Novice: 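Following this message is one structure expressed as structure tokens.
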There are 2 protein chains.
Amino acid sequence: MATMTDVARRAGVSVSTVSYVLTGTRPISEATRDRVLAAMAELDYQPNAMARGLASRRSNIVGLLLPLTGRALGATETAFVTGATEAAREAGYHLMLCPVGTDDSEELQTLATQRLLDGFLVMEVQLTDRRVDLLRKLASPFVLIGRTDDPSGLACVDIDFEQTVGDAVAHLVELGHQTIAYINHSDASLASGYGPAKRTAAAFEAALERHGVTGVMVPTEDTSTGGRVAIREARERCPQLTGVLVMNENAALGILAELREAGLDVPWDVSVVSMVTSEVVADLASPALTAMTSPGAALGAAATRVLLERLADGDTSTYQELLPCVLEIRGTSAKARKK
Amino acid sequence: MATMTDVARRAGVSVSTVSYVLTGTRPISEATRDRVLAAMAELDYQPNAMARGLASRRSNIVGLLLPLTGRALGATETAFVTGATEAAREAGYHLMLCPVGTDDSEELQTLATQRLLDGFLVMEVQLTDRRVDLLRKLASPFVLIGRTDDPSGLACVDIDFEQTVGDAVAHLVELGHQTIAYINHSDASLASGYGPAKRTAAAFEAALERHGVTGVMVPTEDTSTGGRVAIREARERCPQLTGVLVMNENAALGILAELREAGLDVPWDVSVVSMVTSEVVADLASPALTAMTSPGAALGAAATRVLLERLADGDTSTYQELLPCVLEIRGTSAKARKK
DNA sequence: AACTTTTGTCGAAACGCTTCGACGAAGCGT
DNA sequence: ACGCTTCGTCGAAGCGTTTCGACAAAAGTT
């Protein structure tokens with residue numbers, strides 16, 4: 001394995017010159033640069049990442065804090081991860097997956113003080129999140145995917161839930177639906193202060209009011225069965241319901257099945273709009289789900305860009321970027337039947 | 001940030017002694033060890049990962065080579081990634097996601113010669129895979145998830161497709177199904193030599209013969225629509241067909257929808273068994289899919305363990321470990337109707 | 001009792017890079 | 001032609017560890 005010293009010797013220059021060619025920190029004459037570059041090529045030289053990291057105090061690696069709950073990642077999260085990874089690579093950075101529980105401060109502290117990572121992307125942010133306090137204390141640069149209840153002083157990239165719910169409800173109302181159910185995440189998420197659950201709940205209320213239509217919110221488990229149970233409950237509480245908004249991809253499929261078995265036709269009897277849904281899952285359903293497609297990859301890429309920017313210029317001010325899910329009309333929404 | 005020198009000074013020993021306490025490379029007296037440990041605790045000392053990596057030539061990071069095709073990862077792949085990550089962490093290692101195309105040798109070479117990673121986990125292995133040759137040439141330790149056509153001299157961990165297909169067909173035959181369709185991956189995958197596609201095709205033939213039943217194989221796209229098209233074709237070619245084996249989760253849902261719309265009842269008219277399927281997706285379907293559940297997380301963990309073992313003892317001999325998918329009977333398979 | 005080993009510790013030399021200060025050679029305004 | 005800045009390069013001092021050789025003291029071997 002060739003080292004910088006080898007390159008320097010071969011090019012007839014000093015080690016520091018080689019380093020300057022590599023990093024561009026100081027001007028180098030064209031002639032010298034060419035000689036150095038040639039030497040590198042001939043020797044198949046690759047800078048040693050560890051040595052470089054030690055000397056420069058930057059690893060060019062960012063960590064992705066991802067609480068692995070044991071259950072699989074949804075398509076949205078996956079897209080996020082891949083988006084972030086790609087964006088990092090394009091900027092010459094690497095992405096390290098860090099399966100650290102939301103309140104495993106021990107582990108996170110170790111990770112952050114090891115100097116292995118230049119900064120962090122924080123996923124699955126809670127409304128009050130201990131990781132945020134810790135990272136702040138340790139002065140590690142980080143960007144949240146999501147928001148705490150008070151995002152001042154933080155850098156966040158998140159889905160614009162208010163807008164998304166608003167657009168979804170608007171879509172249903174435009175189609176003539178006057179009674180709309182919102183199948184949210186579970187009671188437990190709501191209680192634990194999970195941001196998306198709380199924000200969408202509020203946004204749903206607001207949207208109903210704005211359009212002067214009525215509706216119910218039913219929290220439920222993020223599973224197919226959860227969807228079945230929820231739609232049953234919703235129809236009991238609101239028999240005249242013709243529009244359904246559902247937070248969870250998995251629940252959406254359950255809802256479709258349950259409605260079909262109840263002898264109701266989707267979209268003609270009931271329209272269903274699924275939120276924060278990936279294309280893959282939307283297409284799995286029959287008919288394919290009309291959905292608010294989550295900008296998973298875009299979110300990941302945006303978050304990464306923001307983090308890298310901040311690493312470069314040391315900026316630490318408040319920053320917020322909200323990306324809406326975009327309405328993708330497929331087969332589960334249609335004009336409401338005349339009463 | 002405290003360094004080892006600080007700890008040494010505080011404990012009244014030399015730096016090397018502190019290092020020995022940390023790494024256990026040489027015997028240290030109980031008394032000294034305690035003093036050092038105490039000093040570390042008082043100073044909140046954390047070894048610097050870069051310095052350690054430079055000096056020891058090991059980063060304690062393994063790379064996961066994952067061709068990101070742009071489309072999202074399936075549940076199986078996701079489980080694999082999380083399984084690997086967890087296993088690595090338990091052994092004091094980190095996992096880095098490396099989105100490197102199957103034939104982006106350039107990128108891989110850079111990655112491997114950078115000395116950032118101690119070894120590689122290789123996903124999405126092709127029957128003839130250039131990455132394998134490259135890693136071998138560079139003498140980078142690696143473990144394949146999957147197999148090349150000639151796995152001699154390699155370390156592989158893979159799904160036992162032969163066994164899995166065998167079990168699935170056996171299940172259908174036991175239920176009395178005499179004509180079985182196998183909906184495989186696409187023609188393109190087959191042509192490009194994608195291992196799972198080819199291996200299952202062969203295993204399917206063998207299983208049919210073994211049980212003396214008839215069947216067809218239909219390759220198709222890994223989408224819901226793909227499943228619809230394929231089942232239509234299968235029924236045309238084999239009208240008496242009552243059992244379906246399907247490789248792809250997404251296609252499985254399409255098949256269910258198509259059969260339903262054709263007025264056929266699953267499982268009573270046709271039984272469907274989905275292969276290499278995750279629980280989440282299986283439960284999404286109505287009825288829930290009878291499936292060969294893929295051991296995603298277990299595979300990831302196994303691969304990681306093998307890799308770390310090899311890193312530790314420098315072993316480089318052939319190794320192969322095959323994990324079967326296990327049959328999970330849910331709602332889409334039942335006794336064949338008497339003719 | 002005279003040896004060899006093992007144990008516990010130290011000092012110093014790497015590991016392969018970045019970065020700082022220095023310094024001659026140009027380039028420039030006057 | 002005189003200082004002044006800018007350019008291009010070098011040497012050397014880190015960065016924070018691990019690891020090697022050395023060595024005294026303790027423990028085993030005959």
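Note that these values count all heavy atoms, side chains included, but never hydrogens, waters or copies made by symmetry. Order of the sequence lines sets the chain letters (A, B, ...), proteins ahead of strands, with each chain counted from 1. Predicted model only: the values in this text are computed from it and were never measured.
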Novice: So, using salt bridge (charged side-chain N to carboxylate O under 4.0 Å, His left out) as the criterion, who are the partners of B/R35 when residues are at least two apart?
Specialist: none

Novice: Decide, yes or no, whether a salt bridge links A/R33 with A/E30 under the criterion of side-chain N to carboxylate O below 4.0 Å.
Specialist: no

Novice: Write down the distance between CG (B/L43) and P (D/dG16), rounded to a whole number of angstrom.
Specialist: 14 Å

Novice: Which residues pass the side-chain hydrogen bond (donor to acceptor under 3.5 Å, both in side chains) test with A/S294, sequence neighbours left out?
Specialist: A/T76

Novice: Nearest whole angstrom, please: distance from the P of D/dG16 to the CG of A/L116.
Specialist: 15 Å

Novice: Could I get the full list of salt bridge (charged side-chain N to carboxylate O under 4.0 Å, His left out) partners for B/E42, not counting sequence neighbours?
Specialist: B/R10

Novice: Between the opening five pairs and the closing five pairs of the helix from C/dA1-D/dT30 to C/dC28-D/dG3, how far apart are the helix axes, to 10°?
Specialist: 20°

Novice: Among all residues two or more places apart in sequence or in another chain, which pass the salt bridge (charged side-chain N to carboxylate O under 4.0 Å, His left out) test with B/R9?
Specialist: B/D6

Novice: What protein N or O atoms touch nucleotides 23-25 of chain D N or O atoms at under 3.5 angstrom, if any, and at what distances?
Specialist:
none

Novice: Excluding sequence neighbours, so at least two apart, what forms ring-ring contact (aromatic ring centres under 6.0 Å, His included) with B/Y194?
Specialist: B/H185

Novice: Apply side-chain hydrogen bond (donor to acceptor under 3.5 Å, both in side chains) to A/D315 and list each qualifying residue two or more places apart in sequence or on a separate chain.
Specialist: A/S317

Novice: Could you tell me which residues satisfy side-chain hydrogen bond (donor to acceptor under 3.5 Å, both in side chains) with B/T23, sequence neighbours excluded, listed by chain and number?
Specialist: B/T25

Novice: B/D158: which residues meet the salt bridge (charged side-chain N to carboxylate O under 4.0 Å, His left out) condition with it, sequence neighbours left out?
Specialist: B/R147

Novice: For nucleotides 8-21 of chain C, just jot down a letter per nucleotide in 5' to 3' order: B, S or -, based on protein non-hydrogen atoms under 4.0 Å.
Specialist: SBBB---BBBBBBB

Novice: Holding to side-chain hydrogen bond (donor to acceptor under 3.5 Å, both in side chains), I want the full list of residues that pass it with A/Y93, two or more places apart in sequence or in another chain.
Specialist: A/R58

